[in-house]
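Just below is one structure, and these are the notes that go with it.
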Amino acid sequence: MTISLTTLARRGAQVLALTALASSMAAAQTPGKLKVGLMLPYTGTFASLGTAIENGFRQHVTELGGKIAGREVEYFKVDDESDPSKATDNVNKLIKRDQVDVLIGTVHSGVAMAMAKAAKESGTLLIVPNAGADAVTGAMCAKNIFRSSFSNWQPGYAMGEVMAKKGIKKVVTITWKYAAGDESVRGFKESFEKGGGTVVKELSLPFPNVEFQGLLTEIAAAKPDAVFTFFAGGGAVKFVKDYAAAGLKKSIPLYGSGFLTDGTLDAQGADADGLFTALHYADSLDTKRDNAFRLTYAKTYKLQPDVYAVQGYDAAQMLAVGLNATKGDASKAAEISAALVKATIDSPRGPFTISKAHNPVQDFYLRQVGAKENKKVSIASAKLEDPARGCKL
Ligand code: BEZ
């Protein structure tokens with residue numbers, strides 16, 4: 001049998017085409033790098049919080065050898081400036097332009113709600129490493145949306161229980177007028193009033209305003225037994241200093257959700273000494289797990305870790321649990337959810353589980369500031385679960 005040169009050339013071309021097809025199918029089956037989109041504040045009053053979250057996240061990825069579920073991690077970053085008006089455009093840079101597999105963000109509740117909406121519509125996996133907006137794991141909850149931090153309701157509720165048990169009766173609240181402030185106060189009021197206390201006045205100012213003088217004068221005039229507050233980052237530093245400078249620290253005890261004194265103590269100095277707050281982390285837990293985490297963090301970043309660093313670290317832990325269950329496929333939200341709701345996360349804060357609505361079920365500590373640390377006093381509320389109002393999952 002003789003085969004013509006033309007036939008030979010055609011067969012050669014067919015073999016080449018088949019080889020190319022086989023290798024492109026293999027490439028499609030082998031997931032490439034895991035694209036992680038970090039949407040965090042790197043400027044403004046929450047800048048140091050965003051950096052701590054990124055540091056914590058990277059710390060765990062480094063512990064995993066730079067890979068999650070076998071996929072090398074590649075980072076894409078957007079500074080969200082804690083500005084809700086820019087949030088939809090910012091998150092779409094990560095979803096549409098960079099086509100990330102997972103979004104990690106953010107700090108500010110208003111920005112997080114825009115991220116949750118975009119994640120829900122696009123199906124992109126989202127892990128919120130701070131923002132407490134109740135709706136994220138409440139009315140907006142979804143199979144592909146998770147939180148490694150807290151709901152705003154949780155620390156407020158824990159502090160309300162503590163203050164009612166102390167026999168405090170009349171409280172003035174003061175906070176920023178946005179979801180985190182409003183919801184922290186609502187959580188506080190729920191348990192405080194259940195325990196027999198009354199909120200006599202609710203004061204607020206727009207985020208990120210720090211002109212507190214007029215409101216401090218109103219607090220002095222109201223003469224409450226105590227004040228409950230939510231402020232964080234640069235605003236918390238200024239509030240604690242202004243409260244002391246106004247002479248109120250001596251006469252009207254100041255309590256807060258723990259963001260008031262987390263990551264802020266160097267700047268607040270003696271003005272923060274003695275303050276009581278409630279949070280899901282403390283500087284003095286003295287567990288093997290937390291000590292190891294703190295040592296590595298301090299060595300790597302030449303900084304002491306805070307609650308934000310822990311939440312970033314745990315976002316990476318949660319991502320690893322979820323993706324290990326899907327062999328690295330971030331689009332399989334139902335399988336990721338199933339793995340996470342039955343997991344226990346071995347966090348530096350202490351072990352926690354994840355509710356059906358995808359929010360941590362965790363202990364809240366009563367802490368007191370001393371020697372530049374948030375020292376654990378007791379457990380204010382054990383295994384506290386957010387009520388997840390409006391969540392249908
Ligand atoms: C928030 O906006 O949800 C938030 C910001 C800083 C600390 C805690 C909560």
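Each residue takes its place number in the sequence, starting with 1. Whatever order the structure lists ligands and atoms in, that order sets their numbers, starting from 1.
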**OP:** Could you list all the ring pair (Phe, Tyr, Trp, His ring centres under 6.0 Å) pairs where at least one residue sits in residues 50-102, not counting sequence neighbours?
**Re:** His60-Tyr313
Original post:
Which class fits the ring pair Phe207 and Phe46: parallel under 30°, tilted 30 to 60°, perpendicular over 60°?
Top reply: tilted
Original post:
Phe46 to ligand 1: N or O pair under 3.5 Å?
Top reply: no
Original post:
If you measure from atom 7 (C) of ligand 1 to every heavy atom of Ser151, Ala232, Gly263, which option wins on shortest distance?
Top reply: Ala232
**OP:** Please work out whether the ring planes of Phe239 and Tyr243 are parallel, tilted or perpendicular, with thresholds of 30° and 60°.
**Re:** tilted
Original post:
What class does the angle between the rings of Tyr297 and Phe293 fall in, given that below 30° is parallel, 30 to 60° is tilted and above 60° is perpendicular?
Top reply: tilted
**OP:** Do me a favour and list the nearest non-hydrogen protein atom to atom 8 (C) of ligand 1 with residue, atom name and distance?
**Re:** Asn130 ND2, 3.5 Å
Subject >> Any N/O pair Ser109/ligand 1 closer than 3.5 Å >> reply: yes
Original post:
Taking atom 1 (C) of ligand 1 as the point of reference, which of Thr45, Thr106, Val107 owns the nearest heavy atom?
Top reply: Val107
Subject >> Side-chain donor-acceptor pair present, Asn152, Ser109, cut-off under 3.5 Å >> reply: yes
**OP:** Could you see which bit of Trp176 sits under 4.0 Å from ligand 1, with heavy atoms only: side chain, backbone, both or neither?
**Re:** neither
**OP:** Decide whether an N or O pair under 3.5 Å exists between Tyr308 and ligand 1.
**Re:** no
